[in-house]
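One-based numbering, in listed order, for ligands and for the atoms of each.
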Amino acid sequence: MATMSATTATPSKDLASIEKRVTALLSKMTLAEKVGQMSQRDGNDGFAPDYLVDALRAGRVGSVINAVDVDVINELQRIAIEESRLGIPLLIGRDVIHGFKTIMPIPLGQAASWNVDVVRDGASIAAREAAANGINWTFAPMIDITRDPRWGRIAESLGEDPFLASKLAVAMVQGFQGDDLADDSTIAATAKHFAGYGASESGKDYNTTNIPENELRNVHLQTFNAAVDAGVATLMTSFSDLDGIPATASQFLLQQVLRDEWQFDGVVVSDWDSIRQLSIHGLTENDRESAFEAVTAGVNMEMHGDAYRKHLEDLVNEGHVPLARVDEMVASILRTKFRLGLFESPYVDTSAIVNGNDALAVAKRAALESVVLLKNDAAVLPLSADTINSIAVIGPLADAPYEQLGTWTFDGDPALSVTGLQAIIDFVGDGVNVTYERAMETSRSRDTATFHDAVEKARDADVAVLFLGEEAILSGEAHSRANIDLPGAQAELVRQVRATGTPVIAVIMAGRPLTLLNILDDVDAILYAWHPGTMGGPAIADLLFGVESPSGKLPVSFPRLVGQVPIYYAHKNTGKPPTPDTVVEFDDIDTRAPQTSFGMTAYHLDAGYKPLFEFGYGLSYTEFTYENIRVDKGEIGLGDTVTISAKLTNIGKIKGVEIAQLYIRDLVGNVTRPVKELRGFKRVRLDPGQTATIDFQLHTDDLAFYGRNMQLMTEPGKFHAWIGGSSETDLRTEFRIVDQD
Ligand code: GLC
């Protein structure tokens, strides 16, 4: 944080000195002041409310959420520091999820870039802009693993795969926190929502989760473990009930896993009022019992609610909660504040200019690499401004500066957005006639009478570019959908435009995978742009006209039908795995067929067993081939490393970037193991005709999993390994781990 009154700063990495300062300060604090540190109070836009000022003076506030006026924030800090007994500075928290003023693609879109550098840069820009506005704590990254596109919060997630999501989660933590938390352009990050939230039943938000410990450890805890290992400053508990115990009261999660196993010494903050919600869940009778459960489990700070500030002192004074437990909770809060350098430099220098020039460049790069080319029949893309004379731009999301930002953009500035329509006009200049029809008031409009002008403009154009999808409000928290088709009459609009005979390019903006079967045959190409953020338009224009070739790969599976959900690549084999020859075409079923005459394997009669587009899938304007996969050693011992390599060639006519992926399968395990698991990925830029050898090093520790007894283990045995451009690659080799005893 920049400072108005600098003193000698304690380097945030001088941990021994910080521990001494924590102990010294704690010894001076009254119980009331300690409980105050455990309370996060609501701020306001534009002024400091009296209730907050009084509480600050009384030393009863540890953090403020949702204060966003930098002068008000500086005033709140001043009151806390100069007008309270001990002058402990405040954590100023805000949801800076994928950008502050400059908005990056939604995290699910960033995940499609598979680019840790792009993701880290985006978080770094967000931290810089937020810090300059007085924020010193963001409630991001959201790193819940989910395989359910009905869930609105899939938009904030990094997708279905623990390996990819862990790499990107670490990159976000590094971007937000930098190398030094005390730096004036870095802020504390929050790994959320701990844990298992992405498994909410039916994809309904806040819903029940029942996750066996083995699945919890092998799938849902991986990203949090990686974030803690990367030094994330805080975690946030999930709203959800995990196996009968809401996460906010889970001693298993917060004490056994987080503190005892992972040795986490930072702050756990509840989610919004999730402590008081324990009685709504039915775990407690009242707020007093909820405060007891949460502090016993290990929640350091209460967001928004007042269970702690109303009941913790009594619970300690009556002997129900040891004072030592409160001291432990407060120590982590103070430690985090020391590490942030808040005692030395709590104020924001409002005269500091936050250079925004590179922010837009980072946002455009992120958008460019997040877009996934799902279809490109007859190489209709890229368009050429030399051969195209007219373009009809159509749809409710073509010129929607707010919508393209996506969910969780409290402080995003739509005025900075460049829309798809504007970017296409800017790109082609005067040489190409660009027409535009919104055609639908919103994505959910069902009135087809408004289609006429759009259809006629498409008929008169050389190509129609349809911007379709769902508005930002249709994904995100509490915004789950049971039907994930394109909303409204969009499919009909596609059909009518298709009927003109003009080539149809669909650019889809959405906060989730949508089911696209009902438009797939009516479009020549699909660019899936997620919600691409501030610079989504220029990125899409560059891709439409081939300035760059799409390189994005899906971080999540796209179902054919929503009834297939959950559908994901790293599934178990089951005892009756489907194969093409066991799958019958629904329309071909003979109603008199004997009961056991077909199928009898794990698939849906009316959908088969494959997604429409698989995890890791994404086309390019060029074409890549993989061959000659090999291992350097057919057998390795525990502790050894095997190198798996293959040759990748660009057999197309233009340069491109391919994200080469490594998958493995542990054929026999102490518990059943997935049929494939991502264990490596690399971005490779190749010119036409160029070949590169792609190699991945795998240590036997990289093959570890939690077994029957919840111990992390790597077992001797046979492994398959694949390298390819998606999770459905069939280029396979194998190796064995041998027991050397
Ligand atoms: C919300 C979300 C959480 C967010 C918090 C503060 O309910 O679940 O992710 O950080 O409240 O806005």
Return the protein residues near ligand 1 (heavy atom under 4.0 Å from any of its atoms), ordered by chain and residue number.
-> I65, D95, F139, R153, K192, H193, M236, F239, D271, W272, M303, W408, E477

Between T248 and D271, is a side chain to side chain contact (heavy atoms under 4.5 Å, CB included) present by the stated rule, with each step listed?
-> CA-CA 8 Å; T248 303; D271 202 335; 5.7 Å; no

Residues passing the ring-ring contact (aromatic ring centres under 6.0 Å, His included) test with Y706, sequence neighbours excluded, are none

Taking NZ, NE, NH1 and NH2 as the nitrogens, is one of them in D117 or R365 under 4.0 Å from a carboxylate oxygen of the other?
-> no

Does K101 NZ have over 12 foreign heavy atoms under 6.0 Å away?
-> yes

All ring-ring contact (aromatic ring centres under 6.0 Å, His included) counterparts of W114, not counting sequence neighbours | F615, F681

Salt bridge (charged side-chain N to carboxylate O under 4.0 Å, His left out) filter on D148, not counting sequence neighbours, yields R150

